[in-house]
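Okay, structure first, notes after.
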Number of protein chains: 2
Amino acid sequence: MELRQLKYFLKAKELNNFTEAAKELYITQSTLSQQIKQLEIELDTLLFNRVGKRVTLTEAGALFAQYAQQSIKKSEEGKSMLSDLNNLQTGTLTIGVTLGLQRLFSKAVLEFALRYPRIRIEAVFGASHRLVKDLENMEMDMVLVFNESLDNPNYIYHSLFDSPLAMVSSVHSPYSGRKSITLKEMEKLPLLVATKGFSTDHVISQAFEKQGLKPTFHMEINDIPTALELVKSGNWHSILVQTSVLDKDLVTIPIADIKQKRTAMLIRMQDTYQKKAMKAFQELLEEYGDEGG
Amino acid sequence: MELRQLKYFLKAKELNNFTEAAKELYITQSTLSQQIKQLEIELDTLLFNRVGKRVTLTEAGALFAQYAQQSIKKSEEGKSMLSDLNNLQTGTLTIGVTLGLQRLFSKAVLEFALRYPRIRIEAVFGASHRLVKDLENMEMDMVLVFNESLDNPNYIYHSLFDSPLAMVSSVHSPYSGRKSITLKEMEKLPLLVATKGFSTDHVISQAFEKQGLKPTFHMEINDIPTALELVKSGNWHSILVQTSVLDKDLVTIPIADIKQKRTAMLIRMQDTYQKKAMKAFQELLEEYGDEGG
DNA sequence: ATTCTATAATCGGTTTTAACGATTGATAAT
DNA sequence: ATTATCAATCGTTAAAACCGATTATAGAAT
């Protein structure tokens, strides 16, 4: 048994497909096939069921995966611990971020880059469920999302701040200056969805649905800065977590009938050893989170 | 980084000597040297200081060893978990036992062998510090010793029973029938040490010393059954943990001035996964332990 | 029913590398 | 000064990881 084989196994498990897994591992399918087989022989247990042309994890495989992952994790923790120790700080920090937390992230990353110029940052924007999945596959060090609360004990959940949903409009819009707005009022407005496919979008749709309202979303965009640019034109209004917006040309108007706040949170694997860079980044997030995102 | 390299590294760490380590690993010294170097290159850190012809672990090496060990452990736990799952029970249970717990061990192992005939038992008798060291190097699943209380959080300590020290004599000896005896009385008797080099021996010596007594030990043996045979002859008396002795030809006489009892305990590594065989053995030990060793 | 497609297993050959034996170099002990 | 002991290094060999091509199989499409 070698770590190499365990890594191959986990990738195959993740994709349930040897050919694909081999591609991602930059080896051929035949190599992967052989290495998995070798592992199975050593363990004297089938890890995958071969039903026709497809493979599915066996129960034994699922159980074994836990140990495989932990074995790999420990070895990598050891490595990154040493790299911290050397204080060369040549590490990489991979962070998943959901769209609405872009601002918080940029603020933190700006300061972080100043303090730790030699640490490479890899930021992956995406839908929270996708990010969490990547975290599970150890492809990320931490993710920044809204309201994900898997109760998986292998992860550490850390709330950063709460923020309500609000309508975003141009300062020149007739609604500028309003203290609040109702969903019913918004139903007839030209709306722009800035978080298509994200969990925030889901919350918004549900709120309208609950009141039997059918708003028209004239546009869907999955990039917040672009969406905000469009809102500035005055042609559309959008709905976002309030702290995602801070621009002198825009206003946020509290939505009277959405009480539920969104909670920004940081999720990371439970490590006995936590990368120094990670700790530092987390501290920055907390700092900026307290200032209101 | 491969598990093979981590195993090599740990062995080298254990022995502080590449040549010896290579021998135990059944590889040549040159291979070991190269593999360690390769690991060091990957980690970008020296694991050993090379001072002249000898090697000593660096601080980084000591830290890394923790992770290496855990990585290996996880992979092996996974493997043994599967072997249990298959219910083939082809596993091996390696147990270290200190001399005085021989009786408890034999009783338990007898029953265990009946219930789990396909599990191989490897029993290693030896001094407790030696056993504990082997346990640390993961060469044992558990050890049975007296009073070892390292406060290492990676181990689980489980007390089985307490037992006082007692003088052991032939039923025909003049002391047979005595309710108790003092160290001073024993000083002049022909004594036989049955636990030379073991921690119990240490306790006995200290007790005499404390009272300024200088007993004469006419014989030293490091095997209890043999020692007991000799005591039966009536020529010597010995001092042992009371529960080590159960023989119609022998009597145990409580020693009035040694109040301190010896605690039999089981020590095992803290596993998230515990071998079924281990659990079963532990249960038997507890059962027989309650009956008084 | 037949062909096509997607997939895993297998086979034979190639490349990589783990392992070896012998040698060198360095240093501690004699 | 000599010897013994150890780690590093070098060149070679054996093992095994890997590859490309082929085969086998099952599901999908025709």
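Order of the sequence lines fixes the chain letters, A, B, ..., with proteins taken first and strands second; residue numbering starts at 1 for each chain. All values reported here derive from a predicted model rather than from experimental measurement.
Looking at B:Lys73 and B:Glu76, no side-chain N of the basic residue comes within less than 4.0 Å of a carboxylate O on the acidic one, giving no salt bridge. A salt bridge links B:Lys74 with B:Glu77: the closest approach of a Lys/Arg side-chain nitrogen to an acidic carboxylate oxygen falls below 4.0 angstrom.
In this model, no donor atom of one side chain and acceptor atom of the other lie less than 3.5 Å apart for B:Ser80 and B:Ser83. Side-chain contact of B:Ser33 with B:Ser30: a donor-acceptor pair under 3.5 Å is absent, judged by distance alone. Judged by distance alone, the side chains of B:Ser71 and A:Ser71 do bring a donor and an acceptor atom under 3.5 Å apart.
For B:Thr58 (side chain) and B:Leu47 (main-chain N/O), a donor-acceptor pair under 3.5 Å exists by modelled atom type. Listed for the B:Asp134 side chain is no donor-acceptor partner under 3.5 Å among the backbone atoms of B:Glu139. Put simply, the side chain of A:Glu24 never gets that close to the backbone of A:Leu15: no donor and acceptor are under 3.5 Å apart. With hydrogens and angles ignored, the 3.5 Å screen pairs no side-chain donor or acceptor of A:Arg115 with any backbone N or O of A:Ala113.
A heavy atom lying under 4.0 Å from DNA chain C marks the following residues of residues 27-42 of chain A, by number: A:Gln29, A:Ser30, A:Ser33, A:Gln34, A:Lys37. For DNA chain D, the residues of residues 4-26 of chain B within the heavy-atom distance limit of 4.0 Å (strictly under) are B:Asn17, B:Phe18, B:Thr19, sorted by number.
Protein chain B touches strand DNA chain D; the 5'-most and 3'-most nucleotides with an atom under 4.0 angstrom of its non-hydrogen atoms are D:dT5 to D:dC10.
Just one of B:Lys7, B:Arg4, B:Glu40 meets the side chain to side chain donor-acceptor pair (under 3.5 Å) condition when paired with B:Gln35; it is B:Arg4.
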